[in-house]
Amino acid sequence: MTRYENLPTISGSASSQQLFTDAQTWSAYGAQWNSGEQKNLLCCDVHNETHDVKTFSFRCGDFSALSFEPGQFITVSPVISGQTLSRCYTLSSSPTRPFSFSITVKRVPGGIVSNWLHDNLRAGDSLKASGPAGSFTPVGHPAQKLLYLSAGSGVTPLMSMTRAGFDLAARLDIVFVHSTRTPADIVFHDELTRMQALMPGLRVLNVCEGRGAEADWAGPVGRLDLQLLSESVPDFREREVFTCGPQGYMDAIKAVLAKGAFDFQHYHQESFDIATLNEEPLIEQPPTAEQMETLFSITLSRSGKTFSMPADQTVLWAAKKAGAIVPSSCSQGVCGTCKTALLQGTVEMNHNGGIRQREIDKGLRLLCCSRPTSDLVLDL
Ligand code: FES
């Protein structure tokens with residue numbers, strides 16, 4: 001395999017002629033898609049990874065390069081049944097290939113956006129997206145010895161990190177342990193196997209809960225416990241650990257590492273289930289009668305709507321309850337989708353990296369993690 005063999009192939013209604021001989025390609029060369037900006041994306045390819053996982057490859061409609069760090073995500077905003085819904089998806093491609101980038105999405109039972117992407121998005125279609133964002137990235141944690149631990153769709157940020165290390169010919173020592181239900185659920189199996197053959201410092205281990213239909217599966221069967229980790233990665237205590245997967249998996253991994261006397265200063269995990277669940281925003285409980293006693297008045301300057309809300313609820317919750325259309329995705333102050341200008345008043349905001357200080361200084365706030373401390377006027 002050459003280092004560029006797995007570039008997305010072009011299929012479907014957007015022909016390679018249309019995509020690559022457009023004169024704009026070269027005239028726009030050098031433009032960048034940066035954090036916080038919304039762009040029109042063109043879907044270039046849809047690829048089946050497993051029976052319920054697909055990779056969607058894109059380029060910017062204006063040929064901008066996507067500037068991101070491995071492990072970060074973009075927020076896609078398809079229009080579904082007349083309503084714009086925003087969801088975050090981790091980039092599975094490497095930032096070393098900034099013009100063609102991809103998200104890898106698992107079909108989720110009842111998942112509105114993931115199922116819509118699986119059933120509707122085809123090569124040649126356009127999609128609005130904003131990004132990139134996220135702090136689950138090895139940049140800022142330089143380490144030569146790495147341990148990537150993932151389960152299910154949590155593989156995507158770690159795949160981006162591995163692809164980046166591969167493309168950069170970085171002299172890294174990576175052990176990538178991926179846990180799945182059965183061998184048929186392993187995402188990126190062939191590519192990781194080929195990369196392992198070409199990258200001396202990369203070792204991949206797939207751990208399956210069961211064999212499923214593959215009775216001759218020769219890899220480990222069961223869950224990753226301290227015994228399997230110690231046997232497979234005896235020097236795990238010397239490694240910088242990056243973990244991504246469902247919350248239950250990450251809790252179990254933390255327990256295993258704690259039992260193995262791992263130093264958690266070298267531990268990093270995705271701060272919320274962005275790569276796995278990421279379907280519906282968290283639902284806040286309605287306010288109690290006691291909370292309703294302290295109410296603030298909220299005015300939406302563009303629509304002229306006014307409503308009251310208690311101090312203990314988020315502005316996003318109250319605005320949506322009042323019928324305002326506010327784009328949102330993570331509901332945890334990470335993705336930046338709900339960023340809105342606060343024109344008057346004050347809020348208490350507890351974000352998780354979804355907004356920069358210079359944006360706060362300009363008066364922007366993340367409504368999903370902001371609670372009012374006075375009456376407010378919002379640019380909505
Ligand atoms: Fe993600 Fe508010 S919805 S930061």
Side-chain angles (χ1 to χ4, degrees), residues 33-39 68-69 71-80 83-91 103 105 108 111-114 116-117 127-137 153 156-157 244 247 269-285 298 300 302 309 311-343 345-373 376 378-380:
W33 180 23
N34 295 309
S35 178
E37 282 180 87
Q38 193 174 61
K39 291 270 186 193
F68 71 105
E69 296 173 8
Q72 288 192 306
F73 58 86
I74 56 173
T75 305
V76 301
S77 302
V79 180
I80 302 175
Q83 206 191 342
T84 301
L85 297 176
S86 296
R87 297 290 184 273
C88 312
Y89 290 101
T90 309
L91 291 149
I103 57 174
V105 180
V108 179
I112 300 168
V113 178
S114 63
W116 183 90
L117 291 170
L127 190 63
K128 279 205 181 338
S130 52
S135 54
F136 181 64
T137 152
S153 303
T156 53
C244 189
Q247 193 58 50
Q269 69 174 41
E270 181 58 293
S271 59
F272 69 118
D273 247 346
I274 195 165
T276 51
L277 301 177
N278 188 30
E279 271 302 312
E280 294 308 316
L282 300 180
I283 310 289
E284 289 194 37
Q285 295 302 313
I298 315 295
L300 309 184
R302 289 195 221 181
M309 68 167 292
D312 285 20
Q313 297 292 317
T314 68
V315 181
L316 179 70
W317 180 88
K320 285 193 169 180
K321 191 161 175 287
I325 296 172
V326 190
S328 65
S329 180
C330 70
S331 294
Q332 302 208 10
V334 175
C335 70
T337 310
C338 64
K339 211 174 286 169
T340 301
L342 174 61
L343 303 177
T346 52
V347 295
E348 186 181 306
M349 178 171 71
N350 292 308
H351 69 90
N352 286 303
I355 189 165
R356 291 164 195 251
Q357 187 56 48
R358 64 170 183 264
E359 295 173 314
I360 297 172
D361 295 343
K362 280 185 192 160
L364 295 169
R365 297 292 183 271
L366 298 178
L367 301 190
C368 69
C369 54
S370 292
R371 290 172 166 75
T373 49
L376 306 177
L378 298 167
D379 186 22
L380 277 175

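Remember, predicted model here, so these are calculated numbers, not experimental data. Atoms within each ligand, like the ligands themselves, are counted from 1 in listed order.
- Between Thr84 and Lys128, the side chains place no donor N or O within less than 3.5 Å of an acceptor N or O (distance only, hydrogens not considered).
- When all heavy atoms of Tyr89 and Val113 are compared, the closest pair comes out as OH-CG1, 3.6 Å.
- Metal site remark for atom 2 (Fe) of ligand 1: His351 contributes no N, O or S atom at a distance under 2.8 Å.
- Listed by number with element, the atoms of ligand 1 under 4.0 Å from a non-hydrogen atom of Gly336 are 1 (Fe), 4 (S).
- Those atoms of ligand 1 with a heavy atom of Gly333 less than 4.0 angstrom away are 4 (S).
- Metal site remark for atom 2 (Fe) of ligand 1: Cys368 contributes an N, O or S atom at a distance under 2.8 Å.
- Regarding atom 3 (S) of ligand 1, its nearest protein heavy-atom neighbour is Ser329 N, 3.2 Å.
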> Can you check side chain to side chain donor-acceptor pair (under 3.5 Å) on Thr75 and Ser86, steps first, answer last?
Replying inline: CA-CA 6 Å; Thr75 305; Ser86 296; over 6 Å; no
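- In this structure a side-chain-to-backbone donor-acceptor pair under 3.5 Å is missing from Glu348 to Arg371.
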>> The test is side chain to side chain contact (heavy atoms under 4.5 Å, CB included); show your working for Arg302 and Asp379 and say whether it passes.
In response: CA-CA 6 Å; Arg302 289 195 221 181; Asp379 186 22; 2.9 Å; yes
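- At the shortest separation from atom 2 (Fe) of ligand 1 among protein heavy atoms lies Cys338 SG, 2.2 Å.
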